[in-house]
Protein chains: 4
Amino acid sequence: MPRVSEKYKEEKRQAILDAAAQCFAEKGYNETTVDDIAKASGTSKGSIYIYFKSKEELFHLLNEKRTEKYFEIKDQLKQLDGATKKVNHLFQYFLSGKTDEEDFNQIAVQFEFWIYISKGDHQKLFDERAERFTRFLEEIIEEGVETGEFREDVQVSEFSRLFWPLLDGIVLHLLFHKSEESHKSMLQLYHQMVLRYLLP
Amino acid sequence: MPRVSEKYKEEKRQAILDAAAQCFAEKGYNETTVDDIAKASGTSKGSIYIYFKSKEELFHLLNEKRTEKYFEIKDQLKQLDGATKKVNHLFQYFLSGKTDEEDFNQIAVQFEFWIYISKGDHQKLFDERAERFTRFLEEIIEEGVETGEFREDVQVSEFSRLFWPLLDGIVLHLLFHKSEESHKSMLQLYHQMVLRYLLP
Amino acid sequence: MPRVSEKYKEEKRQAILDAAAQCFAEKGYNETTVDDIAKASGTSKGSIYIYFKSKEELFHLLNEKRTEKYFEIKDQLKQLDGATKKVNHLFQYFLSGKTDEEDFNQIAVQFEFWIYISKGDHQKLFDERAERFTRFLEEIIEEGVETGEFREDVQVSEFSRLFWPLLDGIVLHLLFHKSEESHKSMLQLYHQMVLRYLLP
Amino acid sequence: MPRVSEKYKEEKRQAILDAAAQCFAEKGYNETTVDDIAKASGTSKGSIYIYFKSKEELFHLLNEKRTEKYFEIKDQLKQLDGATKKVNHLFQYFLSGKTDEEDFNQIAVQFEFWIYISKGDHQKLFDERAERFTRFLEEIIEEGVETGEFREDVQVSEFSRLFWPLLDGIVLHLLFHKSEESHKSMLQLYHQMVLRYLLP
DNA sequence: AATGAATGAGGTTTCATTCAT
DNA sequence: CATGAATGAAACCTCATTCAT
C-alpha cells in the first residue's frame, strides 16, 4: 500500500509500538519474539523492520515514551500556587492515574529496560534522566523553603534526588504484587512521610 | 560409595553458584551462556548439569540465597534493646555492608530475577517474601509504639509494608548509577525521614 | 498512445543499467540490493521491475553490453592494412582505453557474472562468446601468415584461442590489484611476447 | 562424542572443509547454505560452528589451502638443475595434475573467492600472494639469465610478474569451458610462447 | 507509469541440553 | 564423575518481488 498517507503510517507505527509494549509486558523482552510482535500488531515480521530498525529500538522508544509521560504533569503543576499544593497534586496524580492496563505494561517494560541497559555503559542515559527528574522537584521544594511553607532545614537537593527512587520502589512493588489497593495505600503513606519531612 | 567426598561436591556446587552470580551480574541472565558459567567456574558445561537442573535453577537458587542473607541481621537486632536502637542499627547495617563486589552482583541478579519472574504466576513467591519482611519490621515498630518510643498514630502495618519497597528503590538506584557515595547519602536521608515519621 | 516518450523510457532504462553496473562493481552482485540500484538510479524499486524482469536480468544485460563493446574495435582494424599493424593497434587500444571508472566497473561485473553462471548449464553462452573472439583474431593471424609477415609455423587456431584467456588473466589481475601502472606494464610485455611468437 | 581424539577432530574438520569446497564449487558461495554444507558433510548445522567461526571462514581457509598447494612444487624444482628444465617441469606439473574433481572444485572456489574479496580493502592479501608467486619465478628466471640459458634482455622482474596472471587466465578458461583437452592445448602453446620469449 | 509498503521464505548464527566416551 | 562434541529448534534480520494506490 504505497503512497500511503502520513496518518496511516503514524497509526501503523503506533500499532506496532503498542503491540510491542503489550508483548514485552506479558512475556518480557527476551521471551518476546519479533514474530510475536508481528502477530500482535497484525502485520508481518518484515513490516516491523520498515518502521523500526530493530527489536531493541522498540525497547528504547517505549522507554523514552514512558519518561516523557512523566513530565506531562509539569505543566499542570505550574498553574498551582504554593509548594505544598504542588506536592499534593503530584501525589494526586500518582494516585489517580495508574488504572489502565496500558500504563501498567509501560511500567513493566520500563523496569526491564533499565535492568537491561544497566549492563553496558549507558551510565549517561541514567544520569541524565535522574538529573532531569531531580531538577523538576528541586524547583518545587526550593519554592516551599523560600516561602516558608517548608522547614528551613530541608535538604533540598538531597531530598529531590531521593524522592524518585523511593517512588520507583513503590512502583516496582506494584509490578510484583499487582495489587492496586496495596499500591495506593503505599502512596498515601509515602505522601504522609514526605509531608512530615517537609512541613514545619 | 561415592567417588568424591561430600565436601568436594559442596565446594564445586558453590563455585558454580558463585560463577553464575558473577556472570549474571556482569552480562545479565539472558546474555550469560552456560559456557560462560562453565568457564568462570573452571568446570565443564556437562558438570553444571550434574549439579543443577538448568540455567534457570541457578537463577532461582541465587535469589533465595540473597533473601536469606537479609535475615542474618535479625539475630543481631534481637540483642539490642529499644526499637529506635534497632531501627538505627538496621540503617547502620545497610550503610556499612554494601562494599564488596559480590554483594553488588547479588543485587543486580536479584532485581533481574524479580523482573524475570514477574511474568507468569509467581505471585505467591513475591507475596511470601514481602510478608516475611513486613513481619520482621512490624515486630520492631510495634515494640516502639508500645514502649512509647514511637508516636501512637504510627500506622504500624502499613509502614512496615512500605519500608522495604522504598529501600528497594534506593538499591535499584545504586544498581543504575553505581555511585556508592550517592547511595549512602540517600540512605542517610531516608533514615532521617523514617525517624521523623516514627518519633514523636 | 504512450504517456511518456520512447526517448524518456530509453534514458530511464539506461540510467538503471548504469546504476546497476556501478552498484554491482562496488559491492558485488549478491551484496547489491534492488534498493541500492533504485537509490543510485534515482527511481523507485517498483520502477525497476517495470523496465526489467529481475535483478538477474540486469546482470545478464550488463554482460552482453560489455561483450559488444569489445567488438567496436573490429571496425577500426579493418581500415588498417598489415596484420602486424592490426595486432599493434589492438594492444594500443587496450593500453589507451581503460582509464575511465565505468570501464573498470564493467570488468568487475563481467568477471563476477562469468563466475556466477559458470555453475549451471550455460556452457553454450561461454562457447559462443569464445568462438566469436577466436574467429575475430584468427582472421588477422591468418592474414599475417599468408602475407608472410608472420612465421609459417604459427599455430593459427590455437594461438587465436589462447590469446583471449591470457588477456583475461591480465585484466583479472587489474581487478585485484587496481594498479593502472602495473596493468600497462603487463600489457606491454604481453605484446612483446605475442610479437616474438608471431614474427619470424 | 566428547573426549574425542585429535585425529577424529581433524578428520571431521577436513570432512566439513571438503563438503564446503564441493558445495561452493557446485552452487557458488552465495547459493550454498550452511545447511547444504551440513548435509554434505553428514553433520548438523551446529557442529559446523564448533569447528569454524563462520561460513566465510570456510571460504577463506579453502583459498589458503589452494595457495599452499601451488607451492608444493617448489621443492620438486629445487632438485633439478638448469633453469630451462625447471620451467619445463613447471609446465609438466600443470599439464599432469588437474585431473581430479577436487582440484577442479578448488579452482572454482578460488576464483569466486578472489572476486568476492576484490570488493572491500583486502588489497594486502592480493599483493602478498602476488609477491610470493613472483619471487618464486624470479629466482628461476634469474638463474637462467645468469647461466646464459636465457636471453640477456629478458625483463626478469616484469616477466615473473606477468607469468601468473597469464596462467590464471588459462585456468579461468578451464573453469568456464570445462574442456580438459582445450586446457592442455592452451598450456602447451603458452609453454611454447614462454620458451620463445626466454630462449635465445 | 510510478511508488514504496507489504510480504514471508530463507539466511546465518546461537545455545541449552544431552549423552557417548 | 567429568567432559565437550553434537544437536536442532528458534532467534533476528534481509530482500526480491508484488501490487494497491
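Chain letters run A, B, ... following the sequence lines, proteins first and then strands; every chain starts at 1.
Note on C/Tyr8: only backbone sugar-phosphate atoms sit closer than 4.0 angstrom, heavy atoms only; bases stay farther off. Residue contacts shown for B/Lys39 are absent, as no nucleic acid heavy atom lies under 4.0 Å away. Among the atoms of the strands shown, only primed sugar atoms or phosphate atoms (P, OP1, OP2) are found under 4.0 Å from some heavy atom of C/Tyr51.
Here A/Asn30 pairs with nothing under the side chain to side chain donor-acceptor pair (under 3.5 Å) rule; sequence neighbours left out.
The separation between A/Arg13 atom CZ and E/dA6 atom C1' is 17 Å, rounded to whole Å. Taking atom NZ of D/Lys12 as the reference point, atom P of E/dT21 lies 13 Å away to the nearest angstrom. Atoms CZ (A/Phe52) and P (F/dT14) sit 15 Å apart, rounded to a whole Å. Remark: C1' of E/dA16 and CZ of B/Phe24 are 12 Å apart, rounded to the nearest angstrom. Atom-to-atom, CD1 of D/Ile48 to P of F/dA9 comes out at 16 Å; the value is rounded to the nearest Å. Atom pair A/Glu10:CD and E/dA5:P shows a separation of 13 Å (rounding to whole Å applied). Distance C/Ile37 CD1 to F/dT17 P: 10 Å, rounded to the nearest Å.
A/Ser47 has a side-chain polar atom (N or O) that falls below the 4.0 Å cut-off from OP1 or OP2 of E/dT7.
When the nucleotides E/dA5, F/dA2, E/dA2 are ranked by their closest atom to the side chain of B/Ile50, F/dA2 comes out on top.
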Protein-nucleotides 10-13 of chain E N/O pairs closer than 3.5 Å?
from: E/dG10; atom 1: O6; to: A/Lys45; atom 2: NZ; distance (Å): 3.1
from: E/dT12; atom 1: OP1; to: D/Lys55; atom 2: NZ; distance (Å): 2.6
from: E/dT12; atom 1: OP2; to: D/Val34; atom 2: N; distance (Å): 3.0
from: E/dT13; atom 1: OP2; to: D/Tyr49; atom 2: OH; distance (Å): 2.5
from: E/dT13; atom 1: OP2; to: D/Lys55; atom 2: N; distance (Å): 3.2
from: E/dT13; atom 1: O5'; to: D/Tyr49; atom 2: OH; distance (Å): 3.4
from: E/dT13; atom 1: O4; to: D/Lys45; atom 2: NZ; distance (Å): 3.4

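Judged by a 6.0 Å distance limit and a 45° cone about the ring axis, C/Lys55 is not positioned over the six-membered ring of C/Phe24.
Contact of the A/Phe176 side chain with the B/Gln123 side chain is not registered, since no non-hydrogen atoms from C-beta on lie closer than 4.5 Å. Side-chain atoms of D/Ile16 and D/Arg13, non-hydrogen and from C-beta on, never get closer than 4.5 Å to each other. Looking only at side-chain heavy atoms (C-beta outward), A/Gln106 and A/Asn63 stay at 4.5 Å or farther from each other. Taking the side chain as every heavy atom from C-beta outward, D/Leu61 and D/Glu57 approach each other to under 4.5 Å.
Ranked by how close their nearest DNA chain E nucleotide is to the 5' end, C/Ser44 and B/Gly46 are led by C/Ser44.
Taking the six-membered ring for Trp and the full ring otherwise, the centers of B/Phe59 and B/Tyr116 sit less than 6.0 Å from each other.
In this structure, A/Glu10 does not pair ionically with A/Lys7, as no charged nitrogen and carboxylate oxygen lie closer than 4.0 Å. Taking a cutoff of 4.0 Å between a charged side-chain nitrogen and a carboxylate oxygen, C/Lys124 and C/Glu128 do not qualify as a salt bridge.
Consecutive Watson-Crick or G-U pairs involving DNA chain E, each under 3.5 Å on both distances, make up stems of three or more pairs at E:2-21 with F:2-21.
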